[in-house]
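Contents: one structure, followed by commentary.
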Amino acid sequence: MSDDGKKAVKAQLAAFQAALAAEHAAVYGYGVVGGRIREGRRTEARSAYDAHRARRDALAREVRDLGGTPVAASAAYALPFAVTDSPSAVRLAAELEDRVAGVYSDLVRATDGERRRTAAGAVREAAVRAVRWRGESVAFPGLAERASDASATPTPTVTPAG
């Protein structure tokens with residue numbers, strides 16, 4: 001494999017690992033959401049939780065296919081704000097989706113072909129879930145959090161605690 005080919009695989013692997021880490025955090029975050037969300041939205045939270053678990057498992061397979069060892073989930077994650085009731089759980093769910101969309105937009109840039117199509121589909125799914133949680137959309141899903149503070153390093157997910 002050429003040096004350019006090795007660099008491309010390395011870049012793809014890094015993007016897949018970042019997406020996997022984001023999905024680990026989203027799964028954790030939806031556990032918190034599920035514990036605080038009102039009864040009428042629990043099915044929606046469960047559906048999102050299941051979707052993130054499926055994406056997480058698929059990403060772990062992709063990492064292995066690229067010759068890497070999938071990044072492990074942290075034991076706990078620091079939430080971006082206190083989640084004490086249903087409205088704050090809804091805010092967290094929207095935040096999780098925004099952050100996952102951002103990481104998948106990086107994966108879109110790092111890949112091509114079927115992997116790019118899959119990553120673009122993940123951006124779209126996260127954006128749709130964010131709209132459902134928030135009740136409004138953003139112009140460029142996956143890029144909105146970067147537009148608000150261009151100098152900040154993008155945060156792929158809630159951060160590991162500790």
Side-chain angles (χ1 to χ4, degrees), residues 14-63 70-111 115-162:
F16 274 107
Q17 291 281 37
L20 177 56
E23 289 293 8
H24 283 312
V27 168
Y28 177 90
Y30 269 104
V32 174
V33 169
R36 298 289 185 202
I37 199 81
R38 68 178 168 80
E39 182 74 32
R41 297 200 78 179
R42 283 194 186 139
T43 299
E44 188 177 356
R46 180 62 177 187
S47 176
Y49 174 80
D50 290 342
H52 286 291
R53 286 181 56 208
R55 288 271 182 204
R56 177 201 62 196
D57 295 347
L59 287 165
R61 284 189 299 275
E62 287 288 347
V63 167
V71 64
S74 294
Y77 294 84
L79 300 176
F81 48 83
V83 180
T84 59
D85 55 14
S86 188
S88 59
V90 168
R91 260 184 48 230
L92 177 60
E95 178 78 11
L96 291 170
E97 297 300 345
D98 287 342
R99 291 178 180 200
V100 166
V103 174
Y104 276 112
S105 69
D106 293 341
L107 188 57
V108 168
R109 284 190 294 276
T111 58
R115 286 177 169 152
R116 178 174 281 172
R117 279 186 287 284
T118 300
V123 171
R124 182 181 60 249
E125 289 171 12
V128 167
R129 282 191 297 266
V131 166
R132 287 183 181 144
W133 288 117
R134 186 179 294 108
E136 59 186 27
S137 64
V138 296
F140 297 102
L143 302 177
E145 67 281 359
R146 291 179 171 100
S148 64
D149 185 4
S151 65
T153 302
T155 306
T157 59
V158 290
T159 55

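Basis for what follows: all heavy atoms, side chains included, without hydrogens, waters or symmetry-related copies. Because the structure is predicted, anything quoted here is derived from the model rather than measured.
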Would you check if [X] and [Y] make a side-chain contact, meaning some heavy-atom pair closer than 4.5 Å?
X	Y	answer
Thr111	Phe16	yes
Leu59	Pro70	no
Arg36	Asp85	no
Glu23	Tyr104	yes

Decide, yes or no, whether a salt bridge links Arg61 with Asp57 under the criterion of side-chain N to carboxylate O below 4.0 Å.
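So Arg61 does not pair with Asp57 through a salt bridge.
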
Is Glu62 salt-bridged to Arg115, cutoff N-O under 4.0 Å?
yes

Heavy atoms only: give me the nearest [X]-[Y] pair and the separation to one decimal.
X	Y	answer
Ala130	Asp98	CB-OD1, 3.6 Å
Ala101	Val123	O-CG2, 3.8 Å
Val27	Arg56	CG1-NH1, 4.0 Å
Ala126	Val100	CB-CG1, 4.3 Å
Pro80	Arg99	CB-NH2, 3.8 Å
Val33	Ala45	CG1-CB, 4.1 Å

Could you check whether the rings of Trp133 and Tyr30 sit parallel, tilted or perpendicular, using 30° and 60° as the cut-offs?
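Ring orientation, 0 to 90° scale: tilted.
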
Interatomic spacing from CZ in Arg109 to CZ in Arg116 - rounded to 0.5 Å:
10.0 Å

Atom pair CZ/NE2 of Arg53 and His24 - distance to nearest 0.5 Å:
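Result: 12.5 Å between the selected atoms.
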
Output, in order, the C-alpha distance, side-chain angles, deciding distance and verdict of salt bridge (charged side-chain N to carboxylate O under 4.0 Å, His left out) for Glu97 and Arg134.
CA-CA 10 Å; Glu97 297 300 345; Arg134 186 179 294 108; over 6 Å; no

Does Ser47 use its side chain to pair, donor to acceptor, with the backbone of Glu44 at less than 3.5 Å?
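No, Ser47 side chain to Glu44 backbone: no donor-acceptor pair under 3.5 Å.
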
